[in-house]
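Proteins get letters first, then strands, A, B, ... in listed order; numbering begins at 1 in each.
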Amino acid sequence: MPLYLCNAAKGAISDEAKPKIAADITRIHCDVTGAPPQFVHAFFVEEDTAPPLDGKSAVLFGSIRANRTDAQKAQIIAEMRQSISTHTGIALDAVGMMTTDVPASWAFEGGEVMPEPGEEAEWLARHNRPSAAE
Amino acid sequence: MISCNCIVQAGQISPETETRLRANLSAFAERAFGEPAEINWRAIPERSGFTAAQPSTSSIISMAANRPVPQPERAALLKEMCELWIRETHRSLDEVVGVISDPQT
């Protein structure tokens with residue numbers, strides 16, 4: 001967690017573009033929230049039922065830990081939509097995005113309940129992983 | 001029925017293992033919430049899943065509870081659900097994310 005799931009029209013996002021967008025998604029999420037990259041999952045599907053395309057060429061749905069601010073969410077949405085547009089050539093207004101909040105206490109990763117945002121250091125230490133700042 | 005979404009990386013879980021996971025998750029839902037699971041199995045195509053910007057081996061299992069779950073019980077259920085997964089898949093706990101959500105208010 002977070003999980004960013006991108007649904008797109010067939011062929012709209014090439015296999016070459018996916019790792020670039022995934023790298024941007026990871027960087028943007030970590031820059032905006034301070035979360036470590038180890039938590040960031042970015043998955044791509046085509047012509048799937050969810051998230052619904054609703055006339056868009058691509059739609060990114062982010063399930064993120066609760067307690068992010070509206071400003072953080074707005075920045076995430078703006079920058080990730082721009083990344084998809086830049087790496088695919090899809091017009092910006094044909095890229096949709098929304099997020100949903102998931103309480104950290106509902107999720108389990110690395111063998112334990114996820115830490116609240118900002119409280120990842122002990123989790124990372126227990127898992128012998130470097131923090132995002134290192 | 002308890003809604004259960006499983007997102008896996010294509011090619012990493014055999015059909016036989018998928019069958020066992022579906023049965024075990026449904027049995028888990030019945031024990032935990034008194035109803036079997038309706039499982040939505042979704043395979044992310046190859047070269048389309050990334051964790052920490054690297055090719056992903058992660059699976060996400062998300063189950064929607066039919067009642068508010070007290071946190072100590074939820075933690076125990078999450079552990080049981082993820083351990084059930086790794087027993088069948090022989091993956092590590094670092095490769096599975098479990099979510100048990102409360103009903104939407």
Between Ala52(B) and Gln38(A), which heavy-atom pair has the shortest distance, and what is it? CB-CA, 4.0 Å
Return the minimal non-hydrogen interatomic distance between Gly110(A) and Asp94(B), and the atom names on each side. CA-OD1, 3.3 Å
Top contributor to chain A interface from Ile7(B), Leu93(B), Leu78(B), Ile86(B) [non-hydrogen pairs under 4.5 Å]: Leu78(B)
Working to the nearest 0.5 Å, report the span between CZ of Phe39(A) and OG of Ser58(B). 12.0 Å
Is it true that atom CD of Glu73(B) has more than 12 heavy atoms of other residues, nucleotides or ligands lying nearer than 6.0 Å? yes
Check the hydrophobic clustering (I, L, V, M, F, W, Y; side-chain heavy atoms under 4.5 Å; chains of links allowed) and say if Val45(A) and Val40(A) are grouped together. no
Residue Gln9(B) versus chain A: region with a heavy atom under 4.5 Å: side chain
Should Val102(A) and Ile100(B) be counted in the same cluster of Ile, Leu, Val, Met, Phe, Trp and Tyr side chains packed under 4.5 Å apart? no
Quick check on the hydrophobic clustering: are Ile28(A) and Tyr4(A) connected, directly or via other members, by side-chain heavy-atom contacts under 4.5 Å? yes
Could you grab the distance from atom CD of Glu109(A) to atom OG1 of Thr51(B), nearest 0.5 Å is fine? 8.0 Å
Which heavy atom of Ser56(B) sits nearest a heavy atom of Phe43(A), and at what distance? OG-CE2, 3.8 Å
Using a cut-off of 6.0 Å, state whether more than 12 heavy atoms not belonging to Lys73(A) lie near its atom NZ. yes
I'd like to know if Phe44(A) and Ile44(B) are part of one continuous hydrophobic network [Ile/Leu/Val/Met/Phe/Trp/Tyr, side-chain heavy atoms within less than 4.5 Å]. no
Nearest heavy atoms of Val99(B) and Met1(A), plus distance in Å: CG2-CE, 3.6 Å
Chain A contact via Val97(B) - side chain, backbone, both or neither, heavy atoms under 4.5 Å: both
If one checks every heavy atom of Arg47(B) against chain A at 4.5 Å, the contacting part turns out to be both
Which residues in residues 46-70 of chain A have a heavy atom less than 4.5 Å from any heavy atom of chain B? Asp48(A), Ala50(A), Pro51(A)
Can you hop from Ile60(B) to Ile2(B) via hydrophobic side chains spaced under 4.5 Å? no
Examine whether an atom of Leu5(A) lies under 4.5 Å from a heavy atom of chain B, and if so say whether it belongs to the side chain, the backbone or both; otherwise answer neither. side chain
Identify the two heavy atoms, one from Phe108(A) and one from Lys79(B), that lie closest to each other, and give their separation to 0.1 Å. CZ-CA, 3.6 Å
Search all heavy atoms of Ala53(B) against all heavy atoms of Ala23(A) and return the closest pair with its distance. CB-CA, 3.9 Å
